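To keep things clear, I will list the structure first and then write my remarks on it.
Values in this document were obtained by computation on a predicted structure and should not be read as measured data.
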Amino acid sequence: MTAGVREQPRGADSPRPRPGTHLRLVGWLTAVAVLAGVGYRLWLLVNAAPPTNSDEATMGLAALHIARGEGFPVWFYGQQYMGTLEAYLAAPVFALAGGPSLLGLRLPTLALYLLFLLLSWRLTLRLTGDRWFGLLVVALLALGSDRIVKNQLIAGGGYPEMNAAGVALAVLAVDLATGRPGWRLARWAAWGFLAGLMLWVDPLVLPYVVATGAVLVGFCHRELRGAAGALIGAAAVLGAAPLLLHSLLNGRNPLHAVLAASGANATAGWADRLHGGLLLGPPLGMGFCAPGQCATWQLWWALALPLLLALGAVTAWRALRRPPTEAASPAGDPVLVAPRVAAAIRLALVLAAVVTLGAYTVSSSAGLTPVESSRYLSCLLISLPVLLWPVWTVARRGPRPSATDRRGLGRTLARPVALALLAATLGTAAQATWRSAQTAPATRAAEARHAELVSTLRQLGVRQVRAGYWTCNRLTFASAEQVVCAVVDDALRPGFDRYPAYRREVDRAAAPAWVAPAGSPLANVLDERQRANPGSLDLVTIDGWRIYLQQ
């Protein structure tokens with residue numbers, strides 16, 4: 001029987017749909033959902049949303065240097081962790097376009113999102129065989145709150161590629177563990193290469209690497225003793241080659257910097273960690289909150305997630321323990337892969353989500369900066385299909401209590417509760433997406449003001465400036481290095497320059513200018529200097545910005 005299509009009793013005069021009608025309908029609806037997800041994000045990119053920053057500009061500068069052949073950075077400038085894969089993906093776009101742009105920097109991240117969406121649909125079908133459930137998963141992933149689109153579109157290092165790679169690892173593990181014929185060595189090599197690549201790019205996805213790898217060991221241990229094991233090891237080394245070579249040549253351990261970036265060198269109380277990690281983090285990180293904040297009613301997902309994790313783990317474990325002849329999809333449709341492999345992958349993805357959530361909760365970042373650091377939970381979207389699958393099976397068919405079943409009332413209520421949970425999930429995510437979309441006009445206006453700043457500096461002949469951290473590299477990237485910037489703090493002292501060559505150039509300049517956002521602490525300090533020493537600075541004001549020219 002075709003997955004997602006079941007024959008139902010009909011009267012003699014009831015019209016019978018043509019074979020495949022339902023299959024074609026769900027296929028068209030899924031395609032519409034995919035196009036809607038990509039179209040929404042493309043609209044955001046055209047409107048310069050989500051807003052960019054100097055960290056993303058740093059990745060853009062790395063891409064510019066790669067495109068020009070001026071450098072081939074292994075790490076995000078200014079640190080010894082977080083690989084520059086996004087810069088290498090954007091460099092050909094810059095070369096073909098004849099120069100850098102924010103849109104060119106983000107086109108590869110949009111492609112990675114599309115890959116993630118298609119692979120998630122593929123994984124859902126391979127694990128459940130239910131095309132209508134696949135449509136639900138695609139529809140949810142097509143939505144995008146403020147935090148979600150930032151993770152997926154901003155080329156700030158790691159986040160756009162982690163989800164695509166994590167789902168790809170799961171799909172490859174399904175194919176390998178079920179013994180799918182054809183291209184097996186290529187699949188082993190692809191799994192190993194992606195696993196190694198993610199070691200270089202960002203270790204946040206490691207729980208999913210380990211979890212899917214454990215499934216492969218459990219089902220393919222004999223094959224791994226031969227050529228497959230050697231191939232997967234060699235491919236992993238190749239994927240992690242930038243990390244390994246840099247560590248070997250420089251004698252540095254990137255793990256220490258990763259721990260420092262996670263907040264291990266800071267302190268936060270356990271009450272703050274638990275509040276940020278378990279209450280605020282899941283709704284923010286999984287796309288159920290308005291831009292930068294969570295209303296009290298949106299926190300319901302924080303209560304639902306532990307229950308979904310427990311339910312997903314229990315149902316997957318029971319399916320794994322069930323004799324093969326009894327294993328079947330709860331929806332009544334055949335599972336498209338061996339049932340025990342499907343159950344093992346589901347359990348692996350649930351456990352990876354638990355580890356991801358636990359690691360974030362115990363980090364100080366959850367207590368110190370829960371709104372911004374909720375991005376560390378980005379990989380939880382990989383597990384979304386297996387979290388919702390038990391709920392979907394109950395909502396679609398519902399258990400049928402018998403007359404003697406003492407739990408009949410609870411079983412009768414199970415389906416309405418499941419339907420309400422799915423509706424709340426879709427509704428909350430849709431509302432957060434709508435709120436995020438409403439910020440696009442303001443973001444576009446802010447980007448236009450920044451473009452005016454760059455144009456004004458060029459007209460004034462300014463080539464070297466000093467500014468705050470969140471201004472500097474963004475300005476340098478937007479001007480394609482025609483204007484270079486050295487970072488200062490609000491007391492006009494030297495700040496953190498991710499690319500030291502810019503500071504050296506500014507320090508050599510005879511009279512570099514100062515740039516500050518209007519109303520910022522830096523602008524206030526420079527205004528005070530101008531009042532204390534009249535004539536020392538010439539002020540040029542444009543909408544949102546203040547330029548101070550030294551005499």
Under a 4.5 Å cut-off applied to non-hydrogen side-chain atoms, are V149 and S436 in contact?
yes
Are more than 12 heavy atoms from other residues, nucleotides or ligands located less than 6.0 Å from atom CH2 of W300?
yes
Reported CE-to-CG distance for the pair M198 and L169, which is rounded to 0.5 angstrom:
8.0 Å
Do the side chains of P160 and N151 get nearer than 4.5 Å, heavy atoms only?
no
Between CD on residue E86 and CD on residue E56, distance to nearest 0.5 Å:
8.5 Å
Looking at V167 and S120, what are the two nearest heavy atoms and their distance?
CG1-N, 3.6 Å
With a cut-off of under 6.0 Å to the ring centre and 45° to the axis, is R41 in cation-pi contact with Y113?
yes
Donor + acceptor pair across side chains of S364, R273 (<3.5 Å):
yes
Is there a side-chain contact (heavy atoms from CB on, under 4.5 Å) between L127 and V174 once you walk through the steps?
CA-CA 8 Å; L127 295 182; V174 168; 3.9 Å; yes
Salt bridge check: are E372 and R147 linked by an N-O gap of less than 4.0 Å?
yes
Tell me, with the steps shown, if C289 and D146 meet side-chain contact (heavy atoms from CB on, under 4.5 Å).
CA-CA 8 Å; C289 293; D146 174 68; over 6 Å; no
Classify the side-chain pair Q431/Q298 by whether it contains a donor and acceptor separated by less than 3.5 Å.
yes
When you compare the side chain of L421 with that of L308, does any pair of heavy atoms fall below 4.5 Å?
yes
Geometric class of the Y77/H65 ring pair [parallel <30°, tilted 30-60°, perpendicular >60°]
tilted
Please examine the side chains of I66 and P73, heavy atoms only from C-beta on, and report whether any two atoms are closer than 4.5 Å.
yes
Is there a donor in the side chain of W301 and an acceptor in the side chain of T425, or the other way round, less than 3.5 Å apart?
no
Looking at T128 and F133, what are the two nearest heavy atoms and their distance?
OG1-CD2, 4.0 Å
Considering only heavy atoms from C-beta outward, does the side chain of F76 approach that of D55 to under 4.5 Å?
yes
Atom of L176, atom of R184 and distance for their closest heavy-atom approach
O-NH2, 2.9 Å
Return yes if some donor-acceptor pair links the side-chain N/O of R415 with the main-chain N/O of R396 below 3.5 Å, else return no.
yes
Between atom CG of L381 and atom CE of M162, what is the distance when rounded to the nearest 0.5 Å?
10.5 Å
Would you say S383's side chain and L349's backbone share a donor-acceptor pair under 3.5 angstrom?
yes
In sequence, state the C-alpha distance, the side-chain angles, and the governing distance for L243 and V74, and then conclude on side-chain contact (heavy atoms from CB on, under 4.5 Å).
CA-CA 7 Å; L243 178 152; V74 172; 5.9 Å; no
Donor-acceptor pair, E161 side chain versus V201 backbone, under 3.5 Å?
no
Heavy-atom check, side chain of T356 versus side chain of Y376, under 4.5 Å
no
Which atom pair, heavy atoms only, marks the closest approach of F219 to A177?
CB-CB, 3.9 Å
For the side chain of Y159 and the backbone of R375, is there at least one donor-acceptor N/O pair under 3.5 Å apart?
no
Are any of the side-chain heavy atoms of R131 and L125 separated by less than 4.5 Å?
yes
Near W270 CH2, under 6.0 Å, is it more than 12 heavy atoms from other residues, nucleotides or ligands?
yes
A91 and A63 have their tightest heavy-atom pair at CB-O, 3.6 Å
Is there a side-chain contact between L280 and L299 (heavy atoms, below 4.5 Å)?
yes
Nearest-0.5 Å distance, CZ of residue R187 to CZ of residue R180
5.0 Å
Output the distance between atom OG1 (T433) and atom CD1 (I148), rounded to the nearest 0.5 Å.
8.5 Å
Approximate separation, where rounding is to 0.5 Å, of T109 OG1 and L115 CG
12.5 Å
Take L380 and L387 through the side-chain contact (heavy atoms from CB on, under 4.5 Å) test and state the conclusion after the steps.
CA-CA 10 Å; L380 291 182; L387 295 179; over 6 Å; no
L284 to V371 - nearest heavy-atom pair and separation:
CD1-CA, 3.9 Å
